[in-house]
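Let me begin by presenting the structure, written as structure tokens, before commenting on it.
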Amino acid sequence: MTAPGDPASERDGAAEFASEWAAQVFGLTLVPMTWREMVDFLHGLTVRLAAMLLAPGLEAAAAAQVGVDLVAAKLIAPEALARTVTVLGGQLLPALGLAGDDTASARLEQIIETLSVAHCRVVRDLAMDEQEIVLRSAMRARREAEDRLRAEQARARHAALHDPLTGLPNRGMFADHLDRVFAGGGTGRAAVCLLDLDNFRPINDSLGPAVGDRLLVELARRLGALAAERGWFLSRVDGQEFAVLLEQTGCPEDAAKVADKVLSAVGEPFHVDGQELTVRASIGIFESPIAVSTGTEALRSARTALHWAQHDGGGRWMLFDRERSAAQVRRYRIGAAMPGALARGEFRLEYQPLVHLATGRIAGHEALARWTDPELGTVPPDTFIPLAEDTGLIVALGKRLLTQACIETADRPHRTRQPPFVSVNLAAQQIRQPGIVADIAAVLDSSGLPPDRLQLEITESVAVDESPHATRSLQALVALGVRLAIDDFGTGHANHAYLHRLPVHGLKLDASFIRALNPPGTGSKVEAILANLISLGHTLGLTVTAEGVESPAQVDLLRTLGCDLGQGWALG
Amino acid sequence: MEPGWVPESVDVDRPSLARIYDYMLGGFHNFAVDRELARAAIAAMPDAAVQAQANRAFLHRAVRFLVDRGVRQFLDLGSGIPTLGNVHEIAQGIEPQSRVVYVDIDPVAVSHSQQILAGNERAITIHADMRQPERIFADEQVRRVLDLDEPFAVLAVAVLHAISDADNPHRSIAAYREAQVAGSYLVVAHGAEGVRDEESKRLLEIAARTTTPLTRRTPEDIARFFDGYELVPPGLVWASLWHPDAPSQVPDRGEDSGNLVGVGRKL
Ligand SMILES: C[S@@+](CC[C@H](N)C(=O)[O-])C[C@H]1O[C@@H](n2cnc3c(N)ncnc32)[C@H](O)[C@@H]1O
């Protein structure tokens, strides 16, 4: 040991002491100090303590600062203070060569007390500060979690109501909005314009769905700009379908103007991926007082009108019309009811006589289909026949009616030498059936009706069909002995070349000619045309029948013109 | 944050591992529920706090070691509550360009961490689950801070034992390894089986009451985390024995530090 007060040895002693101190507390700090840094730090403190020991009086603030600095170095654990107290009390004075120095010893006690108090106080403050921090962090974390939850809920809500591709309100949201508007009551009016792209499919198919999607996004942007400017509620309701809800319209024309605007906006070429795309759209419009409709009906009606627009060739708008729709609905119900009616045998025949105009004798009857449905009431043939043709039911229906006509005619008693024939319509689709000739032969066979008592009426459109099958079938039917008449003659084709080719027996002049004769005997053009048609028939050796004869005057005139047979109210 | 992931709400009425660990280190970022559990843990394992401190000290040495070896990027999984010697303080203290991403599942730890790091462009904290590496690497902020084309160190210090076998932590670590280029590092500290098993068992029972229960693994299972890495000397050792700072810091019984630790370099 060196003498006290020797600066050189004092420094050595301080360094040694610092190492010892560090060894006691190093593991207890939580600051990432290296061993070296810790020893240096504690050496600095030791030097300050040595100065305090030797100073004439104790500067309490300096002693307290040592405690504060220990805390700053995160030597805050109770153990750190305890070991510091122990090492200071036991080893500092000897290390500094002050062992046995009573003044220094008393001073050291003061120093230890002061720095311990400071250490404890600072640690307590630190504890309270950190408590505040962690509480605030917890509150912030909770707030953030709630914010995230809210944001997520908002996002989910938005996603549930919007189309992910275009960001527009989706069908669900549109329907909700529509329902609200139409449920609102009051005297206002509103409209829905439903838009569909006519030629989207080919674009999508040929250029790929990615281009298709971008096109839709572009379209949504364009319509979105219009909608934002004019306060429309725009939605993408389906793949390539967009809907606009217009509130407070005054009349259907208001909606039609919007549809015009939309169509012209859609008509501007689109530039997608360096390609110029031209699209065409159709729009169905429904416009109505809100009091008399509902959101569901509005959208459904707009869709119906959209189908009309598309059916008419697209590239246009169409306004929903209740009557047209009602007629369509009725046609739909008729079409749906027919197969059942046929199965239940609800179609019956009415026979209209074909009368020799010269003698008044009955030459034959035309079998006319009649149908009365329990719910739909009496459905006229000019409604159900075209429908049956559309659905293909005409084949079964035609065969059924033919069979019925043959049986009923064969069964009807007659006394004349030349019993009347029955004339039955044969539809184009029936002729196209592969087994048609055999079918008719079988019907004749089973009914027992002689073939020459059956006349089949075909339209000119069938007659001009030059397909080998149709021609062969008609020839085969004639070969069976069946008579063939051209129905509705004079209305369809100006070219009558088929009359050479087909073994036709008669012509039936369309009722429209006869109707146009009123008032009869005025020497009208119609009269001249009729005279011509009749003489054409006679030149070819054909029987000419006039349909739709409604007055005795017409009977007289037709007789004068040399027409063979007549058919209509005036003739029973 | 990716939409669709809503972390569960913040529950400060349940003890949290992050805050208990803070208490063990001598910090005050904890609540009464945490301290109560921590005291129970110390009753079961009287030197639990010393073990925590030894673990933290190892983390400090490992980071310094890696910075010395030229590592400039750190992904600290289960980083805990900051304040007491954080990775970015050490790394940026030596090499200011160092970049650090902290990940923790504890919302309070994350929130506090984010406050501390506000304004530090090279260090961020994200709230995520380390069992979902894809999410972490997909995070935009993470990608801004970490350059995955350069080596980075994955720190999994005292966190893997918070993940049960059912969640397959080895697979997660393999996913982190897949994301690393050669020359990257993995740092692991993990509570090991085979020493003081009675006390450990009681400690685990207590930990089961926190939001993140603990598990312990055999040295072999711990070593398997380093598949695909080469352990730097001295290999997998007790925390206090890994590159001790000074001879005085080497305890008589190294196994008392509870955690086996290692630093591996990706091959
Ligand atoms: C014991 S602390 C370790 C802190 C720091 N790594 C250290 O060694 O000093 C464990 C931390 O891991 C976090 N943790 C637990 N499970 C986690 C998970 N699945 N994903 C992310 N962090 C998790 C806890 O919230 C806690 O903060």
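Just so we're on the same page: letters track the sequence lines, and every chain starts at 1.
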task: Check each atom of Ala127(A) against the heavy atoms of chain B and say whether the ones under 4.5 Å are side chain, backbone, both or neither.
output: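 Both backbone and side chain.
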- prompt: Non-hydrogen atoms of chain B under 4.5 Å away: do they reach the side chain of Val123(A), the backbone, both or neither?
  reply: both
query: Listed by chain and number, what are the side-chain hydrogen bond (donor to acceptor under 3.5 Å, both in side chains) partners of Gln240(A), not counting sequence neighbours?
result: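 For Gln240(A), the residues satisfying side-chain hydrogen bond (donor to acceptor under 3.5 Å, both in side chains) (neighbours in sequence not counted) are Asp196(A).
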task: Take atom CD of Glu95(B) as the centre, draw a 6.0 Å sphere, and report whether it contains more than 12 heavy atoms from other residues, nucleotides or ligands.
output: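 For Glu95(B), atom CD is crowded (more than 12 foreign heavy atoms under 6.0 Å).
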message: Are more than 12 heavy atoms, taken from residues, nucleotides or ligands other than Arg121(A), located less than 6.0 Å from that residue's CZ atom?
response: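 No.
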Kindly indicate whether the side chain of [X], heavy atoms from C-beta on, has any atom under 4.5 Å from the side chain of [Y].
X	Y	answer
Glu79(A)	Gln53(B)	no
Gln114(B)	Glu144(A)	yes
Asp129(A)	Phe28(B)	no
Arg136(A)	Gln115(B)	no

message: With a 4.5 angstrom heavy-atom cut-off, is it the side chain or the backbone of Arg64(B) that approaches chain A, or both, or neither?
response: side chain
message: Pair Met33(A), His60(B) - check side chain to side chain contact (heavy atoms under 4.5 Å, CB included), show working.
response: CA-CA 9 Å; Met33(A) 269 191 189; His60(B) 294 163; over 6 Å; no
- prompt: What heavy-atom pair brings Ser111(B) and Ser137(A) nearest, and what distance separates the two atoms?
  reply: OG-O, 3.3 Å
- request: Measure across Ile76(A) and Gly26(B) and return the closest heavy-atom pair with its distance rounded to 0.1 Å.
  value: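 For Ile76(A) and Gly26(B), the tightest heavy-atom pair comes out as CD1-O, 3.4 Å.
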field: Stepwise side chain to side chain contact (heavy atoms under 4.5 Å, CB included) test for Gln131(A) and Asn30(B)
entry: CA-CA 7 Å; Gln131(A) 279 287 293; Asn30(B) 41 68; 4.1 Å; yes
- prompt: How many angstroms lie between atom CZ of Arg36(A) and atom CG of Asp245(B), to the nearest 0.5 angstrom?
  reply: 11.0 Å
query: So His29(B) and Ile133(A), side chain to side chain contact (heavy atoms under 4.5 Å, CB included) or not? Walk me through it.
result: CA-CA 7 Å; His29(B) 300 98; Ile133(A) 291 173; 4.2 Å; yes
Intermediate values then yes/no, side chain to side chain contact (heavy atoms under 4.5 Å, CB included), Val108(B) and Val134(A): CA-CA 7 Å; Val108(B) 177; Val134(A) 70; 3.9 Å; yes
